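Because the structure is a prediction, the values reported are computed rather than measured. Throughout, a chain's letter reflects where its sequence line sits, starting with A, and its residues are numbered from 1.
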Amino acid sequence: RAEEKIVKIDGSSTVYPITEAVAEEFQTAKRGAIRVTVGISGTGGGFKKFCRGEIDLTGASRPILKKEMDACREAGIQYVELPVAYDALTVVVNPKNDWLKSITVDELKKIWEPGAQQNVTKWNQVNPAWPDQALKLFGPGADSGTFDYFTEAVVGKAKSSRGDYTASEDDNVLVKGVTMDKGALGYFGYAYYAENSQKLRAVPVVPAAGKPAVAPSPETVKNGSYQPLSRPVFIYVNAKSLDKPEVREFVDFYLNQAPQLVAAVKYVALPEQAYQLAKEHVAKKKLGTGFGGESEVGVSVEELLQREGKL
Amino acid sequence: MVELATNIFDAPGSEPATAALKAESRHLNFHYGAFHALKDISLPVHDHSITALIGPSGCGKSTFLRCFNRMHDLYPGNRYQGEIVLYPDNVDILAPSVDPIEVRMRISMVFQKPNPFPKSIFENVAYGLKVRGITQRDLVETKVEQALRGAALWNEVKDRLNELAGNLSGGQQQRLCIARALAIDPELILFDEPTSALDPIATASIEELMLELKEQVAILIVTHNMQQAARVSDHTAFLYMGEVIEFNDTKKLFTMPDKKQTEDYITGRFG
Amino acid sequence: MVELATNIFDAPGSEPATAALKAESRHLNFHYGAFHALKDISLPVHDHSITALIGPSGCGKSTFLRCFNRMHDLYPGNRYQGEIVLYPDNVDILAPSVDPIEVRMRISMVFQKPNPFPKSIFENVAYGLKVRGITQRDLVETKVEQALRGAALWNEVKDRLNELAGNLSGGQQQRLCIARALAIDPELILFDEPTSALDPIATASIEELMLELKEQVAILIVTHNMQQAARVSDHTAFLYMGEVIEFNDTKKLFTMPDKKQTEDYITGRFG
Amino acid sequence: MTKPMTTDVNATNRPAAGHRLVRRRGRQLRERFIEGLLFLAAASSVAITFAIVAILVSESLPLFKEVSLLDFLTDRQWTPLFDDAHFGIMTLIAGTATTTAVALLVAIPLGTVIAIYLSEFASHRLRETVKPILELLGAVPTVVFGYFALLVVTPLLQKIYPDLPGFNMLSAGLVMGVMIIPYVSSVSEDAMRAVPMHLREGSYAMGATRLQTAIRVVMPAAFSGLAAAYILGISRAVGETMIVAIAAGMQPNFTLNPLEPAATISAFIVQVCLGDLPHDSLGYKTIFAAGLTLMLFTLVFNILGYWLRKRFREIY
Amino acid sequence: MTPAPTADLRKLIARHRLWERVFTIVGLIALLIGLLVLLGLFTQLAVTGAPRLTPEFFTSFPSRIAEKAGILSAWVGSLLVMLVTACSAIPLGVAAGVYLEEYAPKNWLTAIIEINVMNLAGVPSIIYGLLALGLFVYQFGFGQSILSAGLTLALLILPIVIVATREALRAVPGIIREAAYALGATRWQMVSHHVVPYSAGGILTGVIIGLSRAIGETAPIITIGALTFIAFLPTPPVTGEFPFLSFQWLKDPFTVLPIQMFNWTSRPEEAFQLNAAAAGVVLLVMTLAMNALAIWLRYRIRRKIKW
Ligand SMILES: Nc1ncnc2c1ncn2[C@@H]1O[C@H](COP(=O)(O)OP(=O)(O)OP(=O)(O)O)[C@@H](O)[C@H]1O
Ligand SMILES: Nc1ncnc2c1ncn2[C@@H]1O[C@H](COP(=O)(O)OP(=O)(O)OP(=O)(O)O)[C@@H](O)[C@H]1O
Ligand SMILES: [Mg+2]
Ligand SMILES: [Mg+2]
């Protein structure tokens, strides 16, 4: 039978809903002439396959890291890094919580830093104005990109966090946890808050002393005011695959459709200009990552796209 | 030529028995589902004596025996008719108002294949006591020793009462089962081919034991071995196809059977 | 008084047998692990005749019989010494060079409890042929019919050859097992208490069958029923504690035993 | 099988070779070949174990280059993925042990009671209908059980004990126990039913009731089967993942208190496996070390179980 | 010998009977706990998932719109994976069981194999995934395919099949074996003509418990690379051209029901939870159907077999 036209995608479950939406639309548009498959092995699992050359694209909730860059280099895999959407990490509390109107990054740090373990267990230990209520914490597992980003943004060092909180890979579990406990505080992707906004309350974050508190919303994320908790998510495209017309077509379709589809699955689309830049990258096959094997907090997508790529 | 049956009545078991009745079946019918296994059986069981049931395989010997402790109650579809009266109480043990558990506590049974429980020798013998809620250690110990002595096993096992019963030889296991049955002071003991799985020496010792036991209790024994019936029993019933063909003193039955069928059977023309 | 053994030799099986030897055990010893079950047994098996093995339970009858088709090879720890020579080949079937499977194809066995395979009647009888790789449908059919006729079962089952063997009665099942054994044209058939699980009528029909079969093959039968041995066999061996006490013409052994032990046993003084 | 040993005393002109009874080479070869194949099948399980152990050992070696075995076994914190990494596997083992214990406290009594009931009390029809239905419990996707624990059982427990955290080992363990019931009940029921009737008859003949017979005679006689059932249950509990991952909180707490949240080895492994960690990182390697530890633990259990079964196996 | 005082005896018996009645109730309660949990779970899933249980749900591919999403690729994938699992685990497990029960001498090697089989039953499923990833996917080059997934699950349920096979073989009475040998059967003939067919009922029980376990597994299949979005079916096994049979599907990418479910439960949109519940119902019904088939087969086999 005829040579199969197939685009293979794997990677982060955070990026999955976007990719799935694109894949579905793409297949419909092509009337099945090109097939797309999407898996959810996690960012790490995705890069592992990506650097073995098994897949054409991988979704990543964090930039590619040093070890993965090494692996790809060894295998001779080159790639194009494309941010596709924002994910705003949302700090949420139980709706019955009537004391927390907004929270500063410092307060968040006090709550989440490693030293808080076993020490900060009551709300009033963080801020005396808050009640003497047990503080129950919920967050993603230490294996996730979300965790890495949040710790870096709040505590100042990736992976530096207290350990005595309820962790789950399944954000719905966290949602359930926060709704069950008046003294709960948790963080996870914006989409989960958006879907559960009746059961949860998002807490506006004060980025730095003297600045106003900003609540997460598509607008505040897009205009860059929701800081430091909004982060881009990426797809990485194998440069060789990009030579295949079906992959090229798919990536173009991805970037073209992203603004609508990203919003449809409750993520925040990048500014229009960012997609333009990304499309240029694809056209020019601009290789490498803008990060250099470390994650970073607070980079704007535009700036990122301007950077020199490293492989 | 040797006369096969001449000298077997010199055995000690052959004094004529004149004791009172211990039990009696009256017009007993038994059905396994649709199969009519026992047909209108009326038979006495004398106290302090041994009553043997003989007959070809499948004639209903075991079925009859098992009516006496209501073993058939354990399986669905079995049906009794008629009665088995136990003396001196003069109650029909097949009556629905009678609790089979009570019956079994008074009438114990030794099976064809030795079936000791997978427990220690001591626990095996003490089992019946435990079931009756007797737990005082010293009482139990006395009873166990008594029963084991009664079963002529005490000397062989007294030093290893805590060993598993499964480690005993076949004959010892069977005697253990007898001890187990003795420990609960039964009034009537049922034996279903108790020696058919045993070697001759073990067989002899168990036969001797039965002769001793009958001083205290009534014994009903099923055997496919005519010699054994002749050797140990006082009364013998010959069953055939679920019916009693003949019941008589053992000596009489083996020397001058009333019925042609009995004669044919004991002379080996069938069976 | 009835003389138990007077008239049992009017049975048809009692012509004196003068046939050639079919097999012979010579100084056969057998050990179950450390247990010495057969002690230096030398016994002939005549062709076209029935040789019976009698003796008390546990004396080694089955053990001896099972040496003839090397059944003991199936279990670890068993040990043979001595030889069993099969004629006319004059080969020691216990020799290491001999394939037990070949032995079993020529010497078949019928067990105590009927053990048909849970397959159809036809498949049961045809199984021996299947094992030998005989697959031509018509040949198999002929053989099966022959064997079933030989086992006097054909008329009863010819219309339901595809029914399950388990639906047959006990006696029919045992005859089916005999037919199964016949289908492979054995030279010697071993019977291990073939009627002990059967009722008298089935027993009679199987005894008759054996008498017919011996026209064609040699038969070695174990029985715990002395009457049966007397009725059907030509030669009888009395075993006790793993030893042959006496071997003789059946008539002679039952009427004028040479040994005191034999006499004691057949007159019922032990067993 | 011992070769028959012939003392060929008077071997008179016996045909030497080539007689009709001689061993057939072809058949023997075929039999050997088949036996070989079957052996390979049986040995494949050993091969699988070796493969698993090989992978686990080789992948966890880099970890043990950085973390001493002593730390691994004695540290009371398990934070391998944090900046301040600790590798105290005992934390996860405590979680595994606690959830397993809770699960077994449910599954073994309930499973055994069900087995006794089905084998000794229930009618044939009830047994034959209920058993396969009960076995379905083992087929419910564990994600469903996990949410059941989190959304139904925990709130129920909180009604009784209001201080219970929303995530705790108790409800995860309880639900896991229910999931394991069929493993325990089915296998032990089979074992109890295999106890020969004559043993039961022996007990009934002494005047024992069904219950006494079941507890005092049937259960001891079926000991080896019960042990197998329990071991299967323990193994399943130890290896169970999703229920704990969802309902127990995934907090590596060094505690044996079932009222607290904790993480177990298998839950940790699955979480990291599907997470965003680079697969070459030290953090990722910890799952192999954890897996190895788990495997060693179950191995010890199984050897113990094997020994127990051998020691107390009853021949009836 | 004096009969025990009847009144005391009666009291004792009454007490025993009371205990027995108490136990009967306890037993029923225990049974009910199990059954009610099952029933509760099932109804909860069924009620939640009911709106999605339409024909389209079975004939649509996954979609980002919950209402349009279906499980076509998932149930087909589950079916094919189970096929591979059954075809590999049953022969291998039965062969291993037969060896251990009918052939193996009782020595240390057998003891090791025995312990080992039990031990494998306790290895977390994800570890099988890691093993299979290295072994099947890369070493043997089967790729992230139906074949790899089926084999992985086969490894997972192998111990269950082996244990059940051994128990079933043990139930075949020795006299049947002896009967076969006595007719000149070789060991293998005895095993293949008699022992294995007669124990097929018990073996089936093990197979069913095993497949029930396998059909609900998620983690190991994700590790070896099952997909979540796949909007096409594997190559059909029957083709129009010669030789009419194709094994291409073994190498095809796939997804399975529990993964689809897993993915839907972790989606933020409430609507997907309904899909997950509906998929759970389908999964349970599939298992139930599989069990029913096996129970029926077992019944038919057992009816024929009387010892
Ligand atoms: N559970 C049963 N269901 C149906 N029929 C049975 C059952 N048990 C026995 N029978 C039949 O009842 C008849 C009498 O059986 P029973 O066991 O009492 O014979 P027996 O005289 O003890 O024979 P044996 O000497 O072989 O033990 C036989 O025909 C037997 O087939
Ligand atoms: N597998 C075995 N292992 C050890 N000893 C055994 C084994 N089989 C039989 N024996 C012993 O060997 C002796 C002879 O047994 P065998 O079965 O040959 O007796 P038998 O004469 O056939 O008795 P029965 O009339 O009861 O069938 C007995 O003492 C028996 O306990
Ligand atoms: Mg009987
Ligand atoms: Mg015998």
Worksheet item: What are the two closest non-hydrogen atoms of Arg248(A) and Leu242(A), and how far apart are they?
Response: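 Minimum heavy-atom separation between Arg248(A) and Leu242(A): CB-O, 3.5 Å.
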Worksheet item: Between Ile64(A) and Cys72(A), what is the shortest heavy-atom contact and its length?
Response: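 Minimum heavy-atom separation between Ile64(A) and Cys72(A): CD1-SG, 4.5 Å.
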Side chain, backbone, both or neither: which part of [X] has an atom under 4.5 Å from a heavy atom of chain E?
X: Asn172(A); value: side chain
X: Tyr16(A); value: side chain
X: Glu24(A); value: both
X: Lys49(A); value: side chain

Item to complete: May I ask you to name which of Ile222(E), Ile259(E), Thr223(E), Leu227(E) has the most heavy-atom pairs under 4.5 Å with chain A?
Response: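 Option with the top pair count is Leu227(E).
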Is the shortest distance from a Lys or Arg side-chain nitrogen in [X] or [Y] to a carboxylate oxygen in the other one below 4.0 Å?
X: Lys67(A); Y: Asp70(A); value: no
X: Glu68(A); Y: Arg62(A); value: yes
X: Lys266(A); Y: Glu269(E); value: no
X: Asp87(A); Y: Arg231(A); value: yes

Worksheet item: For chain E, which of Ser41(A), Gly45(A), Ser13(A), Pro17(A) has the most heavy-atom pairs under 4.5 Å?
Response: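 When all of Ser41(A), Gly45(A), Ser13(A), Pro17(A) are compared, Pro17(A) has the most.
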Worksheet item: With only heavy atoms counted, which part of Phe262(E) is less than 4.5 Å from chain A, the side chain, the backbone, both or neither?
Response: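 Just the side chain, heavy atoms under 4.5 Å.
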